[in-house]
Amino acid sequence: MIAYSGLGCLPIALLSAVLAVWFWIIDGSGGDWATACLAAVPIVLVLGLINLLTALSVNRAEIPGRDFAVWTSRHRSGGTPLQSYSPYFLGMAGLFFVGWTAQWVHVLVAVAEYAALTAAYYIVPELLRRPAKAVTVAQRREFAQARGWAFRDRLPALAGRWTSGPMQRLSTNAAELLNNPPQAKLRGHFAVMSGTHQRVIFTIADAFEPVPFAPFRAWQQLHVTVCAVHLDIVFPSIRIALRGTGTRRNRHTVEVDTLRPDFAEALVTEETTAAMLAAGVMEWSIQGRDVLVVLRDQPDGTKDGDTQDEPADHDLDAVRAVERLTMVISRLPTDFGPWADDAVPDLPLPG
């Protein structure tokens, strides 16, 4: 039922080997499970490191025009890439460590220890991100108030509204559920600003986005800004990107991610790509009534032609992204009646 690609079965084999060694030690020590648990801790950590190093060698890819590599899912089991099993190895090591301490404490205390370790894995990175969130919230609140736009520190209603990962159909059976990667929903939005600018309704919100296919997604997250222009009608979800530098050796190529190829054929035209290049929008998406661009770079200097001896204004950058996105929308083909839906959801935050 679970599909494997390449070395995707390696973590399953290594985790199974840990359990086999653990039982072997128990059997050889006359049932001394505490000693077996202690011995299993370094074993599972070493095997987890082997799995991660293997992923580094086979599940990384160079990006044309950039000087860094990204994680991929070429080698995976089910919907989980090789490197994304790293937390499982840590979790098993923690379980064996707690099992070793159980010889001195009550079993409920041991369970509480494991729960505390697990909670710390997810809570600590959230605490480390709080200072950056506080700075962003304070700066954007002042920015919004100066322009009379609506603002919220946080907006739970945005959870699940936008996705940054590959678009995929809902799983209809157990096999699809096991083999499809989890959707990368943007959650925990903060510093949400909404209003009307140049006669379009927009929403700007920040979030932390897990690095795609990263080993430790709870820790490896990027600070992103979502800039959305809201339409009066709903369209099928689609993501369009231009890759390459546009030079003779590295011409632009169009990447399209959608579940509606008929809509993509009507939308992605030479006029659309020309509008993207003219506006400087290299990647954008339609998700329902929202047209999005996600700013993933938090630059040290200013952008859009500003001088480098002044501090960057990320809120102004976000508003300029809305302006560029509006420029793209204004130059799109207009005959989209067959794909339009009048069942329009509410705005995230009325301006």
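Basis for what follows: all heavy atoms, side chains included, without hydrogens, waters or symmetry-related copies.
- A donor atom on one side chain and an acceptor atom on the other are not found under 3.5 Å apart for Ser57 and Thr54.
- Ring geometry, Phe235 versus Phe263: the interplanar angle falls under 30°, so the pair is classed parallel (tilted spans 30 to 60°).
- Cluster annotation: Leu95 is not connected to Tyr88 through the hydrophobic network of ILVMFWY side chains, with a link wherever side-chain heavy atoms come within less than 4.5 Å.
- The closest side-chain heavy-atom distance from Leu267 to Ile240 is below 4.5 Å.
- Taking the six-membered ring where tryptophan is involved, the planes of Phe190 and His223 are tilted, since the angle between them lies from 30° to 60°.
- In this structure, the side chain of Thr258 does not engage the main chain of Pro261 through any donor-acceptor pair within 3.5 Å.
- One hydrophobic cluster, built from ILVMFWY side chains closer than 4.5 Å, holds both Ile233 and Ile329.
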Starting from the C-alpha separation in whole Å, work towards a yes-or-no answer on side chain to side chain contact (heavy atoms under 4.5 Å, CB included) for Leu52 and Phe89. CA-CA 10 Å; Leu52 183 58; Phe89 286 93; over 6 Å; no
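- Proximity of Val70 to Pro212: side-chain heavy atoms (C-beta onward) are nowhere separated by under 4.5 Å.
- A salt bridge links Glu126 to Arg129: at least one charged side-chain nitrogen sits closer than 4.0 Å to a carboxylate oxygen.
- Residues Val41 and Val111 are members of separate hydrophobic clusters, defined by side-chain heavy-atom contacts under 4.5 angstrom among Ile, Leu, Val, Met, Phe, Trp and Tyr.
- With hydrogens and angles ignored, the 3.5 Å screen pairs a side-chain donor or acceptor of Gln221 with a backbone N or O of Arg217.
- A donor-acceptor pair under 3.5 Å is absent between the side-chain atoms of Gln139 and the main chain of Asp315, judged by distance alone.
- With a 4.5 Å cut-off on side-chain heavy atoms, Leu292 and Trp162 count as touching.
- When all heavy atoms of Gly99 and Trp33 are compared, the closest pair comes out as O-CZ3, 2.9 Å.
- Heavy-atom contacts from other residues, nucleotides or ligands closer than 6.0 Å to CD of Glu142 number 12 or fewer.
- Here the side chains of Leu231 and Ile201 are not in contact, with every heavy-atom distance at 4.5 Å or above.
- For the pair Ile50 and Leu53, the minimum side-chain heavy-atom distance is 4.5 Å or more.
- Atom CZ of Phe143 is surrounded by more than 12 heavy atoms from other residues, nucleotides or ligands within 6.0 Å.
- The list of side chain to side chain donor-acceptor pair (under 3.5 Å) pairs with a residue in residues 102-124, not counting sequence neighbours, reads Thr101-Glu113.
- For the residue pair Arg324 and Gly280, the shortest heavy atom distance occurs at NE-O, 4.4 Å.
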Verdict with reasoning, Thr225 to His314, per side chain to side chain contact (heavy atoms under 4.5 Å, CB included): CA-CA 9 Å; Thr225 301; His314 302 309; 5.9 Å; no
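- Shown are Lys133, Arg140, Arg296; of these, the salt bridge (Lys or Arg N to Asp or Glu O under 4.0 Å) with Asp206 is made only by Arg140.
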Intermediate values then yes/no, side chain to side chain contact (heavy atoms under 4.5 Å, CB included), Leu277 and Met282: CA-CA 7 Å; Leu277 290 172; Met282 305 308 289; 4.2 Å; yes
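- Between Leu82 and Pro11, some side-chain heavy-atom pair lies under the 4.5 Å cut-off.
- Side chains of Trp219 and Leu128 form a contact here, defined as non-hydrogen atoms less than 4.5 Å apart.
- Between Val137 and Phe151 the shortest side-chain heavy-atom distance falls below 4.5 Å.
- A cation-pi arrangement is absent between Arg239 and Trp284 under the rule of less than 6.0 angstrom and at most 45 degrees off the ring axis.
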Worked verdict on Phe96 versus Val18 for side chain to side chain contact (heavy atoms under 4.5 Å, CB included): CA-CA 11 Å; Phe96 283 129; Val18 172; 3.5 Å; yes
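- When hydrophobic clusters are built by joining Ile, Leu, Val, Met, Phe, Trp and Tyr residues whose side-chain heavy atoms come closer than 4.5 Å, directly or via intermediates, Val135 is not grouped with Leu222.
- Cluster annotation: Leu117 and Leu90 are assigned to distinct hydrophobic clusters (Ile/Leu/Val/Met/Phe/Trp/Tyr, side-chain heavy-atom contacts under 4.5 Å, transitive).
- Side-chain contact of Ser77 with Tyr85: a donor-acceptor pair under 3.5 Å is present, judged by distance alone.
- The salt bridge (Lys or Arg N to Asp or Glu O under 4.0 Å) contacts involving residues 264-277 comprise nothing, where partners must be two or more places apart or lie in separate chains.
- Under the side-chain hydrogen bond (donor to acceptor under 3.5 Å, both in side chains) criterion, His189 pairs with no residue, sequence neighbours left out.
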